[in-house]
Asks: 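Questions regarding the structure given below will be posed in turn.
The model shown is predicted, which means the values in this text are computed figures rather than measured ones.
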Amino acid sequence: MVAATKLLSVATAGWAVASAAAAASDGVITNDTYFYGQSPPVYPSPEMSSSGAWAEAQAKAQKLVSQMTLEEKVSLTGGADSIDNGCSGNVANISRLGFPGMCLSDAGNGLRATDFVSSFPSGIHVGASWNKDLAARRGAAMAGEFKKKGVNVLLGPVVGPAWRVTLSGRNWEGFSADPYLSGSLAAQSVAGIQGQGVITSTKHFIANEQETNRNPDQDVQSLSSNIDDKTMHELYLWPFQDAVHAGSGNIMCSYQRINNSYGCANSKTLNGLLKSELGFQGFVVSDWGAQHTGHAGALAGMDMAMPNPGSFWGDELVKSVKNGSVPESRINDMATRILTTWYQFKQDEHFPNPGVGMPKDVTKPHKIVDGRDPAAKPVLLDGAVEGHVLVKNTKSTLPLRQPKMVSLFGYSAKSPDFFAPGGNLQLLQWQLGAESIDLNEVLAGALGNAANASSIGINGTLFGGCGSGATTPANAVSPLEAIKARTYRDGTALFHDLASPSPVVDPASDVCLVLGNAFACEAYDRPALQDAYTDDLVKTVAASCARTVVVLHNAGPRVVDAWIEHDNVTAVIFAHLPGQDSGAALVSLLYGDAVPSGKLPYTLAKRDTDYPVLKPSRPEGRFVNFPQSNFTEGVFTDYRHFDQKNITPRFEFGFGLSYTTFGLANLQARRFDNASDALAEYPTGAVIPGGHADLWDNLVSVTADVTNTGRNHTGAEVVQLYLGIPSGGGAAAAAPPVRQLRGYEKVTLQPGETKTASFALSRRDLSVWNVERQKWHLQPGTYTVWVGTSSRNLPLKQTLKI
């Protein structure tokens with residue numbers, strides 16, 4: 001293991017001393033030799049452990065690998081793009097040994113680019129549910145569809161990006177801006193998916209925080225995420241650690257550079273952090289096209305290149321072994337890791353043929369393999385319902401009570417007029433989930449030219465986001481369709497104008513619904529956190545309607561201060577990305593058949609400039625050819641930043657309203673009986689998947705009572721635990737965040753009912769990363785425990801000495 005080092009300090013020192021050969025006369029860096037050494041080297045790549053839960057699978061894999069030729073072993077390490085199916089990537093079979101190959105496909109919100117599949121709520125929607133059990137059930141239901149279609153590896157869940165850049169185009173694929181919430185939901189997703197025998201590919205490892213300059217473009221190289229060691233561990237590595245501890249079989253390395261070393265050839269992050277420190281036992285796959293080097297990538301810890309080995313691996317990797325550049329033991333480990341994972345999830349037993357339900361072109365005749373399961377319908381609907389977050393409700397607007405007339409406005413109410421696998425470029429538009437924007441915008445964005453990108457999907461509602469994490473549902477019900485059905489059943493008059501930017505409102509309307517959205521897509525970052533078209537639409541309707549309900553399908557934070565305090569804007573719902581049951585879920589909430597229970601998994605600011613990192617970094621100055629993104633804010637992202645700077649948000653992290661009310665009482669925090677009086681400050685246990693085994697020991701028990709104090713509605717409250725960790729001491733010690741999420745429980749209660757929410761704090765939960773010791777440090781001192789219903793509504797407080 002490399003000696004303790006603060007990576008950002010190393011990087012800063014490197015920038016200060018440029019070699020003459022690496023810089024032009026004007027100071028512009030022209031060669032990446034300037035950056036050498038900024039990411040510490042960690043070699044060799046660790047081999048799999050021969051003990052633990054995967055030992056039996058590993059023995060099977062080693063036996064199979066021992067029978068392979070060098071060429072056969074190498075064939076496992078690179079995708080085979082000549083296979084005639086629609087999988088995102090394939091591993092070729094080795095027929096003489098009975099290995100059928102593997103199919104890897106997108107993504108973490110449902111199977112994409114094929115027919116007869118479901119659209120599950122996207123990651124941001126799951127995050128807003130704050131429901132661990134629902135995340136596991138969603139994972140299991142998704143995996144059932146992947147398995148029926150012959151997909152061995154589900155390319156998800158997403159825990160990177162970690163929402164550092166507020167306008168990042170892919171934040172919506174992940175769960176939350178908070179590492180604890182993200183990691184806990186990722187772990188549940190991994191358990192649910194892999195419980196069905198489908199391998200998870202947790203991605204994108206690591207610090208992959210923006211789409212702008214994620215890939216090289218002519219003379220401009222990929223962006224470098226420059227990040228210090230403490231921030232890496234306490235923020236960006238945290239959710240990956242949860243996924244590895246849960247047993248994720250695969251990790252996908254990212255496009256960009258980390259401390260100026262490419263993510264898929266970075267020995268510090270792959271060999272050091274992932275395979276050594278976290279004890280990862282599975283295999284590492286590149287993001288599609290993220291391989292930028294040959295044998296160096298293999299030595300750095302990458303095990304599989306997708307979608308193909310290109311000019312780097314394949315025959316070239318065979319040559320590298322024969323000429324001594326790569327030891328064959330490394331190839332053996334790569335192949336063993338891949339096959340161990342395959343055996344671990346019993347894909348050698350009763351698994352469909354790879355890609356059997358994934359036609360290469362769904363517009364051509366093909367065998368129908370219906371991946372859907374009627375038993376998943378409750379998961380789809382519950383998931384859609386629970387990810388809606390009610391943030392304003394005045395004048396007793398919601399739930400609706402037998403309105404005589406409802407008026408409906410806004411482009412996000414209906415399904416896009418084109419919502420099918422079309423011909424030529426429209427097929428791509430469907431595959432990417434980009435039906436809500438113009439086709440030319442799709443193409444420009446895919447090519448990285450997003451200068452004129454729109455902030456909204458003007459062509460229709462958003463069931464999910466755009467890109468490789470999109471979904472292609474067999475059937476999806478829009479809000480318009482569900483509202484029409486409900487009002488028709490009730491005999492309610494319904495007028496709708498979904499086209500006019502300045503609609504006329506019938507004065508007889510009991511309530512007006514305005515539906516807008518905030519669009520986001522892979523390959524480019526969002527242009528803004530608000531748009532004038534939607535803001536003007538809301539204000540126009542509110543000017544003539546005393547009860548205006550605004551519903552936003554938002555693929556990330558959406559600033560609302562242009563109208564949030566308008567007296568006639570009486571209810572606001574962040575509907576996020578609900579999946580195929582969008583319409584049914586919204587109607588059930590509007591009419592009170594379901595009670596809102598979602599909470600924001602991010603902070604919503606009053607002004608976009610309140611966020612610590614609003615926009616992506618860009619090539620500039622002497623780094624115009626090698627764009628740099630310096631993570632100088634450290635761990636102070638999202639609510640940590642707002643707390644540190646004492647900025648009042650519009651709606652804080654963890655906030656969400658209900659149709660009932662709740663009370664909290666009787667906070668109790670104590671050491672577990674098995675926690676010795678003199679706890680060791682550093683973990684000493686063996687390294688297991690997820691790090692030192694004793695990092696996961698529970699040391700503190702916390703309980704609090706929660707009561708439904710309302711009289712009319714059964715509802716669910718998310719009881720949230722935040723921890724104040726003492727400073728490490730010393731004048732140079734950086735002050736820790738004011739508080740950090742370290743527990744949450746969603747509790748359903750009937751009117752007047754009281755239950756106890758219970759939390760267990762592990763050694764890791766209570767620790768900070770010690771850069772000098774390169775270990776998690778449980779500091780002696782006084783810890784503060786807060787329990788409440790959001791990051792700023794914390795009525796219960798207790799201190800605890802350790």
Asks: Give the C-alpha distance, both sets of side-chain angles, the deciding distance and a yes or no for salt bridge (Lys or Arg N to Asp or Glu O under 4.0 Å) between Arg792 and Asp643.
Replies: CA-CA 9 Å; Arg792 294 210 168 183; Asp643 290 345; 3.0 Å; yes
Asks: For Pro601, does its backbone N or O pair with a side-chain atom of Ser176 as donor and acceptor, under 3.5 Å?
Replies: yes
Asks: Are Thr707 and Leu749 side-chain neighbours, meaning at least one heavy-atom pair lies under 4.5 Å?
Replies: no
Asks: Name the orientation class of the two ring planes belonging to Phe642 and Tyr611 (parallel below 30°, tilted from 30 to 60°, perpendicular beyond 60°).
Replies: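 Plane angle over 60°, so perpendicular.
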Asks: Is there a salt bridge (Lys or Arg N to Asp or Glu O under 4.0 Å) between Lys599 and Glu717? Walk through the geometry before answering.
Replies: CA-CA 9 Å; Lys599 302 280 187 173; Glu717 179 60 286; 2.9 Å; yes
Asks: Nearest 0.5 Å please: distance from the CZ atom of Arg671 over to the CD1 atom of Ile802.
Replies: 6.5 Å
Asks: Could you go through His692 and Val687, starting from their C-alpha distance and side-chain angles, then the distance that decides it, and tell me whether this counts as side chain to side chain contact (heavy atoms under 4.5 Å, CB included)?
Replies: CA-CA 4 Å; His692 291 285; Val687 173; 4.0 Å; yes
Asks: Could you walk me through whether Leu741 and Gln720 pass the side chain to side chain contact (heavy atoms under 4.5 Å, CB included) check?
Replies: CA-CA 7 Å; Leu741 182 70; Gln720 303 167 37; 4.3 Å; yes
Asks: Any side-chain heavy atom of Arg138 sitting closer than 4.5 Å to one from Asn109?
Replies: yes
Asks: What I want to check is whether the side chains of Gln194 and Thr200 have a donor and an acceptor closer together than 3.5 Å.
Replies: yes
Asks: Within a strict 4.5 Å, meaning less than it, do heavy atoms of the Lys230 and Val768 side chains meet?
Replies: yes
Asks: Considering all heavy atoms of both residues, which atom of Pro479 and which atom of Leu586 are nearest to each other, and what is their separation?
Replies: CB-CD2, 3.9 Å
Asks: Taking the six-membered ring for Trp, is the centroid-to-centroid distance between Trp130 and Phe653 below 6.0 Å?
Replies: yes
Asks: In sequence, state the C-alpha distance, the side-chain angles, and the governing distance for Asp242 and Arg764, and then conclude on salt bridge (Lys or Arg N to Asp or Glu O under 4.0 Å).
Replies: CA-CA 11 Å; Asp242 283 312; Arg764 184 178 71 134; 2.4 Å; yes
Asks: Taking all atoms of both residues into account, what is the closest heavy-atom pair of Ser182 and Val159, and its distance?
Replies: OG-CG1, 3.5 Å
Asks: Specify the closest pair of heavy atoms between Lys149 and Val117, including all atoms of both residues, with the distance to one decimal.
Replies: CE-CG1, 3.8 Å
Asks: Less than 6.0 angstrom separating the ring centers of Tyr639 and Tyr602, yes or no?
Replies: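 Here the rings of Tyr602 and Tyr639 have centres that are no less than 6.0 Å from each other.
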Asks: Do the side chains of Val719 and Thr789 get nearer than 4.5 Å, heavy atoms only?
Replies: no
Asks: Do other residues, nucleotides or ligands put more than 12 heavy atoms under 6.0 Å from the CD atom of Glu753?
Replies: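 Result for CD/Glu753: enclosed.
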Asks: Check step by step if side chain to side chain contact (heavy atoms under 4.5 Å, CB included) holds for Trp342 and Asn152.
Replies: CA-CA 8 Å; Trp342 183 69; Asn152 302 80; 4.1 Å; yes
Asks: What verdict does the salt bridge (Lys or Arg N to Asp or Glu O under 4.0 Å) test give for Asp178 and Arg640, after you've listed the backbone C-alpha separation in whole Å, the side-chain angles of each residue and the deciding distance to 0.1 Å?
Replies: CA-CA 9 Å; Asp178 179 78; Arg640 293 171 172 81; 3.3 Å; yes
Asks: So does Asp765 get a backbone contact from the side chain of Arg742, meaning a donor-acceptor N/O pair under 3.5 Å?
Replies: yes
Asks: Which label fits His233 and Trp769: parallel for a plane angle under 30°, tilted from 30 to 60°, or perpendicular past 60°?
Replies: parallel
Asks: For Val391, which of Val572, Ile573, Leu604 qualifies under side chain to side chain contact (heavy atoms under 4.5 Å, CB included)?
Replies: Val572
Asks: Can you tell if the side chain of Leu761 reaches within under 4.5 Å of the side chain of Val702, non-hydrogen atoms only?
Replies: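 Yes, side chains in contact.
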Asks: When you look at Val284 and Lys275, which way does the side chain to side chain contact (heavy atoms under 4.5 Å, CB included) test go after all the steps?
Replies: CA-CA 10 Å; Val284 175; Lys275 291 185 173 180; 3.9 Å; yes
Asks: Are Ser468 and Glu522 close enough, and set up right, to give a side-chain hydrogen bond (donor to acceptor under 3.5 Å, both in side chains), and what steps lead you there?
Replies: CA-CA 7 Å; Ser468 61; Glu522 181 180 359; 2.7 Å; yes
Asks: Roughly how far, to the nearest 0.5 Å, is CG of Leu657 from OG of Ser597?
Replies: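 One finds 12.0 Å between OG of Ser597 and CG of Leu657.
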Asks: Roughly how far, to the nearest 0.5 Å, is OH of Tyr659 from CG of Leu398?
Replies: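 Reported to 0.5 Å precision, the distance equals 4.0 Å.
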Asks: With heavy-atom distances below 4.5 Å as the criterion, would you say the side chains of Leu237 and Glu277 are in contact?
Replies: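 SC-SC contact between Leu237 and Glu277 confirmed.
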Asks: Quick one, Asn250 with Ser201, criterion side-chain hydrogen bond (donor to acceptor under 3.5 Å, both in side chains). Give me CA distance, side-chain angles, the key distance, then yes/no.
Replies: CA-CA 4 Å; Asn250 176 247; Ser201 178; 2.5 Å; yes
Asks: Quick check: does any side chain N or O of Ser582 sit under 3.5 Å from a backbone N or O of Gly579, one acting as donor and the other as acceptor?
Replies: no
Asks: Give the minimum heavy-atom separation between Thr461 and Asn517, together with the two atoms involved.
Replies: CA-ND2, 4.5 Å
Asks: Is Lys132 close enough and on-axis enough to Tyr744, meaning under 6.0 Å and within 45°, for cation-pi?
Replies: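 Yes, Lys132 and Tyr744 form such a contact.
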Asks: Are Arg558 and Trp172 in a cation-pi contact, defined as NZ or CZ under 6.0 Å from the six-membered ring centre and within 45° of the axis?
Replies: no
Asks: Distance from His245 atom NE2 to Leu695 atom CG, nearest 0.5 Å?
Replies: 9.5 Å
Asks: Could you state the interatomic distance from CD1 (Ile206) to OG (Ser254), rounded to the nearest 0.5 Å?
Replies: 8.0 Å
Asks: So, does Lys755 use its side chain to make a donor-acceptor pair with the main chain of Thr748 at under 3.5 Å?
Replies: yes
Asks: Determine yes or no for a side-chain-to-main-chain donor-acceptor pair under 3.5 angstrom, with Lys147 supplying the side chain and Val198 the backbone.
Replies: no
Asks: Please answer whether the main-chain N or O of Asn666 pairs with a side-chain N or O of Gln668 as donor and acceptor at a distance below 3.5 Å.
Replies: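 Looks like no, no N/O pair under 3.5 Å.
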Asks: Side chains of Tyr591 and Pro399: closer than 4.5 Å at any heavy-atom pair?
Replies: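 They are not in contact (no side-chain heavy atoms under 4.5 Å apart), so the answer is no.
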Asks: Measure the spacing between NE2 of His777 and CG of Leu766 and express it to the nearest 0.5 Å.
Replies: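 One finds 12.0 Å between NE2 of His777 and CG of Leu766.
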Asks: Under 3.5 Å, is there a donor on one side chain and an acceptor on the other for Asp705 and Thr756?
Replies: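 Indeed, the side chains of Asp705 and Thr756 share at least one donor-acceptor pair under 3.5 Å.
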Asks: Heavy atoms only: give me the nearest Leu667-Val785 pair and the separation to one decimal.
Replies: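 Shortest heavy-atom contact: CD2-O, 4.0 Å.
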Asks: Does Glu145 reach the main-chain N or O of Ser118 with its side chain, forming a donor-acceptor pair under 3.5 Å?
Replies: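 At least one qualifying donor-acceptor pair exists.
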Asks: Tell me if the aromatic rings of Tyr236 and Phe631 count as close, with their centers under 6.0 Å from one another.
Replies: yes
Asks: So, do Pro161 and Val158 sit near enough that their side-chain heavy atoms are less than 4.5 Å apart?
Replies: yes
Asks: Where the side chain of Glu745 meets the backbone of Phe759, is there a donor-acceptor pair that is under 3.5 Å apart?
Replies: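 No, Glu745 side chain to Phe759 backbone: no donor-acceptor pair under 3.5 Å.
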Asks: At their closest point, which heavy atom of Ala571 faces which heavy atom of Asn393, and how far apart are they?
Replies: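 That closest heavy-atom pairing would be CB-OD1, 4.0 Å.
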Asks: Please confirm whether the backbone N or O of Ser168 pairs with a side-chain atom of Arg526, one donor and one acceptor, at under 3.5 Å?
Replies: no
Asks: Can any side-chain N or O of Asp106 pair as donor or acceptor with the backbone N or O of Leu155 at less than 3.5 Å?
Replies: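 No; judged by distance alone, with no hydrogens or angles, the pair does not exist.
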